[in-house]
Amino acid sequence: MGSQALQILRQGVWASLTGGWYVDPHQSTFSNCFHLYLWIFLLAFPFLLYMALPPSLVVAGVYSAVVAVFFTAIKVVNYRLHAMFDLGEIVEKKQASLTADGRRTEEGEEGSGFDLDHESLQESQENTLMIEEKAKPKQYYRFWVLPGKWLRVRYDRLALLALLDRNRRVGENVFAVVLASLVAFLGFLLLLQGFFRDIWVFQFCLVIASCQYSLLKSVQPDAASPMHGHNWIIVYSRPVYFCLCCMMIWIFDLSGRSGSLQPFSLYGVTFFSAHFLLCVRDMLVVFALCFPVIFLFGLLPQVNTFWCCDDGWKYLMWIVLHMFCFLLHKAPWGDAHVPVLFSVFCGLLLALSYHLSRQSSDPTILWSLLRSKLFPELENRTPEEPPVEIKDPLPEKLRNSVKEILHSDLVMCPLMAVITFAISASTVFIALQPALSFVLYILAGVVGFITHYLLPQLRKQLPWFCLAHPVLRSREYSQFEVRDAAQLMWFEKLYAWLQCVEKYFIYPAVVLNSLTTEARTVGQNYKELDIYRALFISVAGMKLLRSSFCAPSHQYVMLCFTTLFFQFDYPRFSETFLIDYYFMSILFSKMWDLLYKLRFVLTYIAPWQITWGSAFHAFAQPFAVPHSAVLFVQAIFSAVFSTPLNPVLGSAVFVTSYTRPVKFWERDYNTKRVDHSNTRLATQLDRNPGADDNNLNSIFYEHLTRSLQHSLCGDLLLGRWGNYNTGDCFILASDYLNALVHIIEIGNGLVTFQLRGLEFRGTYCQQREVEAITEGVEEDEGCCCCEPGHLPHMLSFNAAFGQRWLAWEVAATKYVLEGYSISDNNAASMLQVFDLRKILITYYVKSIIYYVNRSSKLEEWLTNETMQEALRPCLGPNYVDSDPTFNLNIDEDYDHRASGITLSSFCMVYLDWIQYCNSRRQTVRLSTTFTLESHKDSPLVNLCFGLCILGRRALGTASHSMSASLEPFLYGLHALFKGDFRITSPRDEWVFADMDLLNRVVAPGVRMSLKLHQDHFTSPDEYEDPTVLYDAITANEEKMLISHEGDPVWRSAILANMPSLLALRHIMDDGSDEYKIIMLNKRFLSFRVIKVNRECVRGLWAGQQQELVFLRNRNPERGSIQNAKQALRNMINSSCDQPIGYPIYVSPLTTSYAGAHSQLRSVWGGPVSPHNIYTWLISSWDRLQKGCGAGCNSGGNIEDSDCGGGSTSISTNPAVHTTQSTPASSLPQPHITTVQPSMALLSQSEGRMEAGLLTSLQRTSSIQGLLGQQLSSSQLSFSSSVAPPSLPGPERFCPASLLDNSGHRAGQRAGLSQGSGLHYESHFGKWSFSGRKGFNGPAAVEGEGGMVQTIRTHVSRLLFKWG
């Protein structure tokens, strides 16, 4: 402990103060002396120049030039030495004597003119870089100084790395030299201008030396370093920040002395005055002098933390708007007149703010979309990627979502700009003042209170921490097990519509009203300072509009407070409402952060629930009490600068960290799954490195990420997670999945998040915290020390008090997501006895026979001369395969008289199964070249016999010929399951004639046998029937993937939502060696959603990073990760990026789009795109044409005539239409769906017949409504008096019989004229099939001809049959 503390003081504290220099006792004397003299030179040189020479720019230039030459020499030598170690050859020195003959021998061997030591051995040693007294080395490197001249270097790479940091690229060396020269010049320039006096001159020279020294030998690890090991980016932090600080000091000093900037006053504070600028300059001078202490505590992030190019387009738009606003601020304003340019500005501002709010900061998806459209050949050309049978649907899904947003914005942005221009030009914001302003403020407050406070509180698990159950409950709340997707409730629709009204109508009106008032004030009172107002109008307008579009949850609080404070309480402090609202939005964001920090601190250090993880925690707890004032000052400071407030070593002592982005981690530590695609074949066969539970289970969190990508944004907009904001953290907890979801970015219709999955079998501390978030508090009846009970549906006093002292709360208890239920069975218990193993071998043989008969290459195998020649001995009457692998206990066809397996014994057991499979093959394959015989001596039976013998022998070989024992049997079964077939017998080498025999027959056979063996326990006698067995194998082959978990197909199948999967897992962990059969079934899972205080997460993450990286605490049982139920300390710390935490899965930043959520689309409607508008117009015209034509012809109403044309359901289902027969063309094939007509006076059989007819008639049109509105239309109906039950509603695909049989369809097509309509009228209804074109217009006529003709053929046959 003492040595570790000394190392931290020496290598951490002292090195941070000096910029990297410290005495390391583990290094050589030469290394320490070199560092010391280098540090003294960098410190003393500027100090002596300043003290000895008169101040002038010439001295500053000389100082900068000397520093540049000095750094260039060091960097060049260091770069060349590393290049020598990389590319140079090692010269072996022979043991030569010290005589002249020996020297001549060595010189002659090395070559004349290449050696500098041809005088004496002592002179040779002086020309080397090896200074320490060591034994004479036997090898050295040649360091070429000049052509023909070189030096012997007996230095190694590790010693050179300890001496100087390595810069791998030439650009890094050049940048380091430029930075060192810039630090020297700017620093000496400040010294010349007299900003520092007395001792502060030496202090500033120390700061200069620390910035320059860090470019040669940096502080590793730095207090602000986010990663383990050498961080080459942190090297440039000190000099870059120093240069920025020096330039700002110089600029503020020049501006303050010249007085060129015009000051202005805001809330009583004068900005940009001479006094103000000089005060800022003095603060920066003090800040520069405090550099050693600032970098000791790591208060400044590394320089690349906030370098982001994603917002360049947004800043460009803002600059254009600002220039436009600056040009129009001189436009004349009248009492009832709004300048046209200002109305144009408002329209552009609203449209661009709307567009920017719908764009993600991550441009990769947009670039992928552009690349797929502009350069499609780059998308298909992936030669390094192995071919995968199942394609990942996510990239195409994301591109479609982005394309949908762009198409919608193409319509909505011009439309919003035009509407805004019209409203602004109508002078409504001038004529109705001040009543309009107060009406908008009251409306925003009422709607915001209901939407973002009342409804979320009523939907919480514990409303106001007083009620024991939510008031507004979902339908799944009372269900024990969720079986379907979450049902859309009325209050979710209300919540979504209130948000829509709030973000698209109320807040844009509030901002536009404020902008008009502000611009009118500027236009009527023109001053020179109004350039600042023009700048502010564009900044505040875009910021407030984007905030209202993206995150309106806190807007009503800020708006109400601004109105009450500046309109009623202190109106004399008000500037204008726009300025007040803008600055209050910034202040409130900081106040929310401060509130979250104080809640975290008070919850964490509450004495009645403190959990001491170590002796240091017990020591630090009482000593932290007197420093509470400093703690609250730190909390205010960290809230202002958005920095985490982290507990030191997990104790009650808190310190401020450096500013971090919302993403928090500067580096991506995304976990990567280990499978057969990225491991060596030898490791796969011997010991797969990815066979541990954590690596294999990570795929379930990856699938959970995909499920969240599909539904998270829509669920948030429906209020299923309560209120949310950027940076919020949630924990999803179920039976075995525990994941932390971090909200990174919130946009208008999109959410970017990151998921961190924890271990399935967590530690003891994790289990205790999981129990804390899953247990209920409704049964608690305590009140202080007694148990008087509680009121019905209310919490007890103790429960209510305890819930208020937690850093987390339960947001939902039944959040439904699509996932996989995991069941694992111990394979040893299922194969313990010989009878069970015999059943498995029997299914193994039957599966091989099945795949032989199903193979498309069977005829080729039967005619292959090599195979037939190798299998011909098996047809002999005395042939017996007496391999030791075969055993009477596990082989059903074992002939104990022949002590092996014969063809006769094989046929007695499996001949019926072979013949049945062959018969099914003949019926399935209609076009066969010849009929396959399946008698005992046929080639087919002989091939099956050979393959079954080969498969069982391969199992015995993998089991080391000890199949009678359980452990070797399981080992061999797992080897074959993952595809490790080792053919060792010469009698089986015929299989190499075609490797598909192993890949397509034997390998699937062993996997299918495991599934059949699983099913045997539920129905032991079911598979005795060959028909049932054959159908079961076929069904499993179609609906289930049976594969090894290391196969890339396993991951692809899960991500593609395969219904069922099965695998055999070998677990070797903590001394356990067992085999488990893993069964996955896709279903809906129920999660508890826990909202965690985001400042608690940021603080604990920052504390772990500081403890492990800077303080080097490598204790796996350190006190900072022990369980603390009030803060979920273990779960949060476990979710840190690796290697600081230990999550088994960390997803990349994933964006979820609202358009992918079907329930939200049913509420808001689809996107308003040009294609959807065109489709709506054409369909509306088509319906109008058909309705009018039918009404005029028959005298009926549109409802009756609509059956012949098109119908659109008024429910949330997609619109359905029937179309006429038209000439065939090329359009995408329509979907076939069912509708729910009301039918009367039909018998049960006629009802079924009519339902089948309607099922064939209907198809989906998927028309999105204009401006998000759904189109309503009459349903297909019949005039009736009695209504039987309606038809089922789920969508169905068109039967294959309607899509195939094109010849038969063409023959029937001639009977129907395309220009005429088919009308049928009876006592129970009237149908009209007109010959007009469908709703898709002329372009759609050709593409649907084939299907429509088929439908009309079936209609005519049924109608004439009924008639």
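Counting begins at 1 with the first residue of the sequence. Computed from a prediction, not measured in an experiment: that's the story for all the values here. Computation of the quantities below employed the complete heavy-atom set of this structure, encompassing side-chain atoms and omitting hydrogens, waters and symmetry-equivalent molecules.
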Centroid-to-centroid, F577 to Y441, below 6.0 Å?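 Aromatic pair counts; centres sit under 6.0 Å.
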Would the Y570 and F565 ring centres measure less than 6.0 Å apart?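 Y570 vs F565: aromatic centres under 6.0 Å.
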Can you measure from [atom1] ([X]) to [atom2] ([Y]) and round to the nearest 0.5 angstrom?
| X | Y | atom1 | atom2 | answer |
| --- | --- | --- | --- | --- |
| L545 | L349 | CG | CG | 5.0 Å |
| L712 | T1150 | CG | OG1 | 10.0 Å |
| K597 | C1096 | NZ | SG | 11.5 Å |
| N1093 | L595 | CG | CG | 8.5 Å |
| Y1174 | S1169 | OH | OG | 13.0 Å |
| S553 | I746 | OG | CD1 | 7.0 Å |

Considering residues, nucleotides and ligands other than [X], do more than 12 of their heavy atoms fall under 6.0 Å from its [atom1]?
| X | atom1 | answer |
| --- | --- | --- |
| F271 | CZ | yes |
| R599 | CZ | no |
| M489 | CE | yes |

Side chains of [X] and [Y] in contact at under 4.5 Å (non-hydrogen atoms):
| X | Y | answer |
| --- | --- | --- |
| L488 | L718 | yes |
| L406 | Q359 | yes |
| Q457 | V471 | no |
| R473 | K814 | no |
| K403 | N400 | yes |
| F549 | L350 | yes |
| L398 | Y1153 | yes |
| Q709 | K397 | yes |

Quick check: closest heavy atoms across [X] and [Y], and the distance to 0.1 Å?
| X | Y | result |
| --- | --- | --- |
| G445 | C560 | CA-SG, 3.6 Å |
| L750 | S360 | CD2-N, 3.9 Å |
| L559 | Y507 | CD2-CE2, 4.0 Å |
| V338 | S343 | CG1-OG, 3.6 Å |
| Y504 | N748 | OH-OD1, 3.1 Å |
| A509 | L440 | O-CD1, 3.8 Å |

Step by step, would you call H407 with H1171 a side-chain contact (heavy atoms from CB on, under 4.5 Å)? CA-CA 9 Å; H407 286 176; H1171 177 267; over 6 Å; no
Can you check side-chain contact (heavy atoms from CB on, under 4.5 Å) on H452 and L498, steps first, answer last? CA-CA 10 Å; H452 303 293; L498 287 177; over 6 Å; no
Under 3.5 Å, is there a donor on one side chain and an acceptor on the other for [X] and [Y]?
| X | Y | result |
| --- | --- | --- |
| Y596 | D728 | no |
| N513 | Q433 | yes |
| E518 | T576 | yes |

Does [Y] offer a backbone N or O that forms a donor-acceptor pair with the side chain of [X] under 3.5 Å?
| X | Y | value |
| --- | --- | --- |
| S707 | E818 | yes |
| R459 | G719 | yes |
| N1172 | P1167 | yes |
| R1098 | S642 | yes |
| K1091 | E809 | no |
| R1094 | G727 | no |
| Q499 | L717 | yes |

Test log, rule side-chain contact (heavy atoms from CB on, under 4.5 Å), inputs R546 and L356: CA-CA 8 Å; R546 287 190 61 192; L356 294 178; 4.2 Å; yes
Using ring pair (Phe, Tyr, Trp, His ring centres under 6.0 Å) as the criterion, point out the one residue from F664, F753, W1101, F730 that pairs with H742.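 In the set F664, F753, W1101, F730, the residue that makes a ring pair (Phe, Tyr, Trp, His ring centres under 6.0 Å) with H742 is W1101.
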Kindly state each residue pair satisfying salt bridge (charged side-chain N to carboxylate O under 4.0 Å, His left out) with at least one member in residues 407-416, sequence neighbours excluded.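 For residues 407-416, and leaving out neighbouring residues, the salt bridge (charged side-chain N to carboxylate O under 4.0 Å, His left out) pairs sorted by first residue read R358-D409.
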Show every side-chain hydrogen bond (donor to acceptor under 3.5 Å, both in side chains) that has at least one partner inside residues 578-589, sequence neighbours left out.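 Of all non-adjacent pairs touching residues 578-589, those that pass side-chain hydrogen bond (donor to acceptor under 3.5 Å, both in side chains) are Y267-D580, K543-S585, Q555-Y581, S574-D580.
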Evaluation steps, side-chain contact (heavy atoms from CB on, under 4.5 Å), between R399 and V402: CA-CA 5 Å; R399 285 195 291 264; V402 173; 5.9 Å; no
Can we say R1161 and E404 salt-bridge, meaning some charged N sits less than 4.0 Å from an Asp/Glu carboxylate O?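 Looking at R1161 and E404, the cut-off is met.
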What residues, two or more places apart in sequence or in another chain, satisfy salt bridge (Lys or Arg N to Asp or Glu O under 4.0 Å) together with R706?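 D392.
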side-chain contact (heavy atoms from CB on, under 4.5 Å), paired with I423, selected from I419, T427, T420: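 Considering I419, T427, T420, a side-chain contact (heavy atoms from CB on, under 4.5 Å) with I423 is found only for I419.
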Classify the angle between the aromatic ring planes of Y815 and W721 as parallel (below 30°), tilted (30 to 60°) or perpendicular (above 60°).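 Perpendicular.
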